[in-house]
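Remember, it's a predicted structure, so these values are computed and weren't measured experimentally. Below, each value reflects all heavy atoms present in this structure, side chains not excepted, and no hydrogens, waters or symmetry copies.
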Amino acid sequence: DLHSFPTRRSSDLAPQIGNVSLTVGNSSAVVSWSTDLTATGRVNYGVSTEYGGSVTTSSGTSHTANLSGLAASTTYHYQILATSEGGTTS
């Protein structure tokens with residue numbers, strides 16, 4: 001029996017996020033990360049997991065998001081998302 005299958009295009013794959021680092025100041029924070037595929041990035045952040053703020057990064061494999069206007073002595077939650085050129089988000 002002969003069988004065949006198509007392979008997926010790399011743009012259909014979800015980018016893998018890695019090398020996450022966080023630098024925190026009194027009223028700001030910098031989130032940096034990398035992706036294994038070219039992707040746009042977004043950081044959702046806020047004082048709860050409902051977030052409320054977001055910062056988008058340009059397309060690439062190295063990403064940095066500057067979060068500003070944060071309240072001092074406050075705990076923030078954040079979520080990193082990456083979207084491939086094909087529109088798949090991780």
Side-chain angles (χ1 to χ4, degrees):
D1 273 343
L2 218 61
H3 301 279
S4 64
F5 61 92
T7 58
R8 295 175 60 178
R9 297 176 301 184
S10 62
S11 63
D12 291 338
L13 301 174
Q16 298 299 304
I17 297 168
N19 302 315
V20 176
S21 69
L22 177 66
T23 304
V24 179
N26 289 333
S27 62
S28 65
V30 177
V31 183
S32 300
W33 70 96
S34 61
T35 52
D36 64 335
L37 303 172
T38 300
T40 56
R42 187 172 81 215
V43 175
N44 297 322
Y45 66 96
V47 295
S48 73
T49 54
E50 292 180 11
Y51 308 112
S54 68
V55 174
T56 302
T57 67
S58 58
S59 184
T61 57
S62 180
H63 307 271
T64 300
N66 296 300
L67 315 182
S68 60
L70 306 178
S73 301
T74 303
T75 299
Y76 283 84
H77 303 267
Y78 69 100
Q79 173 189 48
I80 299 171
L81 301 172
T83 303
S84 71
E85 293 175 315
T88 305
T89 300
S90 60

Could you go through residues 52-63 and list every donor-acceptor pair under 3.5 Å that involves a side-chain atom there, pairing it with any protein atom two or more places apart or in another chain?
residue, atom, partner, partner atom, Å
Thr57, OG1, Gly41, N, 3.0
Thr57, OG1, Gly41, O, 3.4
Thr57, OG1, His63, ND1, 3.0
His63, NE2, Thr35, OG1, 3.2
His63, NE2, Gly60, O, 3.2

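Pairs passing the side-chain hydrogen bond (donor to acceptor under 3.5 Å, both in side chains) check and including a residue from residues 22-31, sequence neighbours excluded, do not occur. Listed by first and then second residue, the side-chain hydrogen bond (donor to acceptor under 3.5 Å, both in side chains) pairs involving residues 40-49 are Arg42-Asn44, Asn44-Gln79 (not counting sequence neighbours).
Hydrophobic cluster membership is shared by Val24 and Ile80, with clusters built from Ile, Leu, Val, Met, Phe, Trp and Tyr side chains linked at under 4.5 angstrom. Val43 and Leu70 end up in the same hydrophobic cluster when Ile, Leu, Val, Met, Phe, Trp and Tyr side chains are linked at under 4.5 Å.
When hydrophobic residues (I, L, V, M, F, W, Y) are linked wherever their side-chain heavy atoms come within less than 4.5 Å, Leu81 remains an isolated member.
Residue Gln16 holds its CD atom at 10.5 Å from OG of Ser34, rounded to the nearest 0.5 Å. With rounding to the nearest 0.5 Å, the separation of OG in Ser90 from CD1 in Ile17 is 4.0 Å.
In this structure, the side chains of Ser84 and Thr38 stay at 4.5 Å or more apart for every pair of heavy atoms.
Not counting sequence neighbours, Ser73 has no partner by the side-chain contact (heavy atoms from CB on, under 4.5 Å) test. Here Ala72 pairs with nothing under the side-chain contact (heavy atoms from CB on, under 4.5 Å) rule; sequence neighbours left out. For Val47, the side-chain contact (heavy atoms from CB on, under 4.5 Å) partners are Thr74, Tyr76, not counting sequence neighbours. Residues passing the side-chain contact (heavy atoms from CB on, under 4.5 Å) test with Ser32, sequence neighbours excluded: Ser21, Val30, Thr64.
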